[in-house]
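Here is the structure we will look at.
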Amino acid sequence: MEPTADSARPPDTVDDSVFRVLMEVSADGLAVLDRHGHFVLLNTAATELLGLPADELVGRAAPFDIDDVSPHGSRQDRHHTTWPAPDGRRRDLEYCLAPVAGGAHAVWFSDVTDTLRQQERLTAIARAASSVADAYSLRTTLDAVAREIAMTANIAAVQILAMDDPRDELRVLGMAGFDDAADFTERLSACRRRGAKVSFMDAFQNGEPVVVPHRKAAILADPAWAPLHAIMSYPSWDSFVSMPLIVRGRVLGVINAYYVPDEDPGPHSLAFLEAMADHAAVAIDTASLLAQTRSQAQLDERRRLARDLHDSVVQQLLSMRMQAKALHAQLERVDTDPGRIRSGAEELAELSGSALADLRGLVFELRPLDLAERGLVEAVRAHAASQQARTGLAIDVRASSDLELDSSIDVQEDLYRIVQEALHNVVKHAHATAVKIRFTRSEDGDLVVEVLDNGYGPDRTSDTAGEADHDTLGLVSMRERTQRWGGRLVAGARPAGGWAVRVILPCPSVPGAGEGEADGR
């Protein structure tokens, strides 16, 4: 390849072998360096990539390390370096070196800035998707998404904000890149009261990205933004982008990205932010749906408790009242038989004992307080003993000797409710005489909870429509409780007869992610 008109001529120390090397290679940029690593010859593509004419580059130190050269100059020996372009932006260059005569080196290189950034963004998107799938605390999930965004080369800091209405206070659900911003929302509210122009509100209201070049200088020069000057001055940033979080046509909040100086938020970067915003929006929407599911499950439990209270305690109290009246009538008779009175009193005592046991069981079901003190297994044993005393069903509860439950009280309560619902279904529908409840760990360390009975399974042929519907809702509730913590539930007939409900929760058990985190509060 012949040097172009704007290429510098090689000094006399570079012989014709340089040109033969240059003719044999194929790359975007081609250059020759002297033994000290300075430019002596560049082709047109090289000057365009570096952003300077050849006469300004010749004699200047090149960004390529000539010590990286392979003795054979293989094109597989690729290296990376950076170049400060005249426009102030950093460019990432990939290059290969080959020795030539006179101690000089030939170098061919290309600009891989966009490629590397795209790889970073794709990696961030994949990790963010994993966070949404694996984390069960909304704040933990969105903090992870914010960190992934801030780890890309051209973004200094990130905020993920949610709000229900532009007039309401916003909530910070994720943040990265700021030093100490715990009171960000309070300071922002003070800025809004001072009349500060909050650009991300346009993104929230219009559902379209907002791009504001050189935003930092404008904020720091505006007295209305004074309450936030300390927080906003710490990261090294310049331009600003607010990307709306949209799911099912509704804007839930925004991602605010603060770009490092001399980095323009171009189309590729905006597409990356949009993809991350999709993940964040899905996480927020999923948390909201789970909170609604939890509320519905609680409502269903209250209805079931009310029905059980009516079917058991209320009916027993009515029987006790009738028995008491019968005893009173017998006492008023002259020919009263003491044996009959004794028998009636014994029956009344039995009814009152049964009613008291049922009432205690129902009170315990309202909130199994023993979970905090006894733990899940012992709380299940207490419930099983209550059911066994009330129904005569033989219930055996066992846990493996090496079982240690390090999960939160919310996880344990959901597992307790699952076992409770499974036992309820056995009593109502299975016609079983015995139940086994097992707590074990799988080979992978997952927690496994099983409820196994020797009954007929979920045969609905003799059930009323209401009972069948309730049992179906019970299975749905059990599955939703399991999925809330990333687990899975399997229910079906056992090969040896009877029915099995099996819950598998991933290990380690999820640390405390209470209702406040689940619904985004």
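None of these values were measured; they are calculated from a predicted model.
- From Leu475, atom CG reaches atom CG of Leu489 across 6.5 Å, with rounding to the nearest 0.5 Å.
- Distance OG1/Thr482 to CD1/Ile504: 8.5 Å, rounded to 0.5 Å.
- Side-chain contact between Met478 and Asp414 is absent, with no heavy atoms from C-beta onward closer than 4.5 Å.
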Kindly determine whether Leu245 and Val251 satisfy side-chain contact (heavy atoms from CB on, under 4.5 Å), including the steps that lead there.
-> CA-CA 6 Å; Leu245 308 177; Val251 180; 5.7 Å; no
Please lay out, stage by stage, how Thr82 and Leu93 fare under the test side-chain contact (heavy atoms from CB on, under 4.5 Å).
-> CA-CA 6 Å; Thr82 59; Leu93 304 178; over 6 Å; no
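- The two atoms that bring Ala157 and Phe178 nearest to each other are CB-CE1, 3.7 Å, heavy atoms only.
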Apply side-chain contact (heavy atoms from CB on, under 4.5 Å) to the pair Val448 and Val503, showing each step before the final yes or no.
-> CA-CA 6 Å; Val448 180; Val503 176; over 6 Å; no
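- When side chains are defined from C-beta on, Gln159 does not count as touching Val172, because their heavy atoms never get closer than 4.5 Å.
- Scanning for salt bridge (charged side-chain N to carboxylate O under 4.0 Å, His left out) contacts around Arg438 gives Asp396, with sequence neighbours left out.
- The two residues Ala277 and Ile255 have their closest heavy-atom pair at CA-CD1, 3.5 Å.
- A distance of 5.5 Å separates CD of Gln412 from CG of Leu376, quoted to the nearest 0.5 Å.
- Note: Phe240 and His214 fail the aromatic proximity criterion, with ring centroids not under 6.0 Å apart.
- The side-chain hydrogen bond (donor to acceptor under 3.5 Å, both in side chains) analysis of residues 218-232, with sequence neighbours excluded, yields no pairs.
- With sequence neighbours excluded, the residues that form a salt bridge (charged side-chain N to carboxylate O under 4.0 Å, His left out) with Arg187 are Asp183.
- The environment of CZ in Arg398 is sparse: at most 12 heavy-atom neighbours from other residues, nucleotides or ligands sit within 6.0 Å.
- Not counting sequence neighbours, the partners of Ala432 by the side-chain contact (heavy atoms from CB on, under 4.5 Å) test are Leu393, Val426, Ala430, Asp453, Asn454.
- The environment of CZ in Arg194 is crowded: more than 12 heavy-atom neighbours from other residues, nucleotides or ligands sit within 6.0 Å.
- Every residue meeting the salt bridge (charged side-chain N to carboxylate O under 4.0 Å, His left out) condition with Arg381, not counting sequence neighbours, appears here in chain and number order: Glu378.
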Yes or no on side-chain hydrogen bond (donor to acceptor under 3.5 Å, both in side chains) for Asn256 and Ser242, after CA distance, side-chain angles and deciding distance?
-> CA-CA 4 Å; Asn256 292 337; Ser242 185; 2.9 Å; yes
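- In this structure Asp446 satisfies the salt bridge (charged side-chain N to carboxylate O under 4.0 Å, His left out) test with no other residue, sequence neighbours excluded.
- What you find for Val210 and Ala203 is that their closest heavy atoms are CG2-N, 3.6 Å.
- Taking 4.5 Å as the limit, every side-chain heavy atom of Gln483 sits out of range of all side-chain heavy atoms of Arg488.
- For the pair Glu186/Leu188, no side-chain contact is recorded, criterion being any heavy-atom separation below 4.5 Å from C-beta on.
- Rounding to the nearest 0.5 Å places CD1 of Ile149 at 9.5 Å from CE of Met243.
- With sequence neighbours left out, Phe184 forms a ring-ring contact (aromatic ring centres under 6.0 Å, His included) with no residue at all.
- Scanning for ring-ring contact (aromatic ring centres under 6.0 Å, His included) contacts around Phe439 gives an empty result, with sequence neighbours left out.
- Note: Phe272 CZ to Ile155 CD1 = 5.5 Å, rounded to the nearest 0.5 Å.
- Nearest heavy atoms, Ala257 versus Leu273: CB-CD1, 3.8 Å.
- Look at Arg417 and Glu421 and you find no salt bridge, because none of the NZ, NE, NH1 or NH2 atoms lies under 4.0 Å from a carboxylate O.
- Of all non-hydrogen atoms in Val397 and Ala384, the two that sit nearest each other are CG2-CB, 3.8 Å.
- Residues forming a side-chain hydrogen bond (donor to acceptor under 3.5 Å, both in side chains) with Glu94 (at least two apart in sequence, or on another chain): Arg78, His80.
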List the steps and the verdict of side-chain contact (heavy atoms from CB on, under 4.5 Å) for Arg502 and Val449.
-> CA-CA 6 Å; Arg502 192 167 191 256; Val449 181; over 6 Å; no
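- Partners of Ser239 by side-chain contact (heavy atoms from CB on, under 4.5 Å), not counting sequence neighbours, listed by chain and number: Pro213, Tyr259, Pro265.
- Applying the side-chain hydrogen bond (donor to acceptor under 3.5 Å, both in side chains) test to Ser442 and every residue at least two apart in sequence or in another chain returns nothing.
- For residues 195-218, the salt bridge (Lys or Arg N to Asp or Glu O under 4.0 Å) pairs, not counting sequence neighbours, are Lys197-Asp202.
- Looking at Lys428 and His424, their side chains come closer than 4.5 Å, going by heavy atoms from C-beta outward.
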